[in-house]
Amino acid sequence: MSAVADDVPAGVAPPEDKREQNKLAKRLRRQVGQAIMDYNMIVDGDRVMVCLSGGKDSYTMLDVLLQLQAKAPVKFSITAVNLDQKQPGFPEHVLPEYLQSIGVDWHIIEQDTYSVVKRVIPEGKTMCSLCSRLRRGALYSYAAEHGYTKIALGHHKDDIVATFFLNLFHGGKLAAMPPKLQSDDGRNVLIRPLAYCRERDIAEYATLKGFPIIPCNLCGSQEQLQRKQVRRMMDAWEKEHPARIEQVFASLTNVAPSQLADPKLFDFAGLGGDAAARTDWLMPGADAAP
């Protein structure tokens with residue numbers, strides 16, 4: 001061990017670790033700031049509801065947004081909101097104690113979605129879909145009822161790419177998670193400030209910051225989820241081709257509708273002035289044998 005490290009008091013990071021932590025924090029701030037700017041996620045006067053689950057992603061999102069808020073070119077407020085789903089053994093004290101310690105405005109919504117999921121979903125079946133739907137409904141309703149103009153979710157670049165592959169392999173469509181989205185009912189605008197951040201950076205940052213992580217024991221322990229299978233595929237790709245996830249994400253921001261096959265997005269029928277000559281090729285009896 002170096003003399004410098006030997007002289008560091010217990011509980012204090014060595015200078016080299018501090019430099020790495022500062023470099024990582026700067027990279028995350030830059031990526032979040034770039035995403036906010038590129039998609040105009042936060043504007044002057046916004047009331048941002050940061051959805052805090054107790055996982056590494058949402059802790060990091062809240063932490064970085066608070067850092068940016070201090071020097072942002074616009075004025076906006078932040079409220080951290082957690083949904084207590086009444087899972088047995090959930091440590092209810094952890095989030096309030098943490099949020100009080102950092103001095104942020106916060107609120108806990110209490111809604112027993114756990115019992116609903118356990119009652120509706122058969123034992124051994126995937127619970128994530130219903131659990132997520134109920135959680136979104138509770139959070140979106142709270143945001144609309146209390147006048148929050150933006151709902152910040154902690155999905156990162158890896159989540160976005162994984163969702164793209166899930167939709168591709170299992171949904172039959174080209175779709176992912178947009179960095180900014182208006183809900184179907186028009187009541188809420190969702191933002192994903194971590195859209196440009198990699199999960200490995202977030203995990204390292206959460207460890208360095210010592211966030212009090214709360215694991216999900218309801219659906220997170222189900223190993224056969226399609227999302228986990230996709231993530232294993234992505235991890236294998238990363239080992240062989242480290243830039244592949246970055247390239248896939250870049251492709252999601254560089255779409256060429258005329259090079260795909262969706263007639264709703266591009267006027268293939270009208271190419272070459274053919275639109276006026278469009279005819280019905282599925283006429284009754286058209287494919288009958290002569």
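Bear in mind that the values here come from a model prediction, so they are computed numbers and not experimental data.
- Classification of the Phe249-Tyr196 ring pair by plane angle, with boundaries at 30° and 60°, yields perpendicular.
- Side-chain atoms of Arg227 and Thr163 form a donor-acceptor pair, as typed in the model, at a separation below 3.5 Å.
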* So Lys157 and Gln31, side chain to side chain contact (heavy atoms under 4.5 Å, CB included) or not? Walk me through it. -> CA-CA 11 Å; Lys157 183 178 288 186; Gln31 291 170 338; 6.0 Å; no
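- The other residues sharing a hydrophobic cluster with Phe266 are Phe268, Leu271, where clustering joins ILVMFWY side chains under 4.5 Å apart.
- Between the side chains of Asp185 and Tyr140, no donor N or O sits under 3.5 Å from an acceptor N or O.
- Remark: Tyr205 pairs with no residue by the ring-ring contact (aromatic ring centres under 6.0 Å, His included) rule, at least two apart or across chains.
- Residues Met61 and Leu181 do not share a hydrophobic cluster, defined by chaining ILVMFWY side chains whose heavy atoms lie under 4.5 Å apart.
- When each of Leu62, Thr79, Asn82 is tested with Leu99 by the rule side chain to side chain contact (heavy atoms under 4.5 Å, CB included), just one qualifies, namely Leu62.
- Lys180 forms no cation-pi arrangement with Tyr39, by the criterion of a distance under 6.0 Å to the ring centre and an angle within 45° of the ring axis.
- Between Asp44 and Lys75 there is no salt bridge, since none of the side-chain N atoms of the basic residue sits less than 4.0 Å from a carboxylate O of the acidic one.
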* **Candidate pair Met49 and Thr149, rule side chain to side chain contact (heavy atoms under 4.5 Å, CB included), full reasoning** => CA-CA 8 Å; Met49 186 180 99; Thr149 56; over 6 Å; no
* Worked verdict on Leu68 versus Ile42 for side chain to side chain contact (heavy atoms under 4.5 Å, CB included) -> CA-CA 11 Å; Leu68 292 175; Ile42 298 175; over 6 Å; no
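- Tyr142 and Tyr148 have parallel rings, their planes meeting at less than 30° on a 0 to 90° scale where 60° marks the start of perpendicular.
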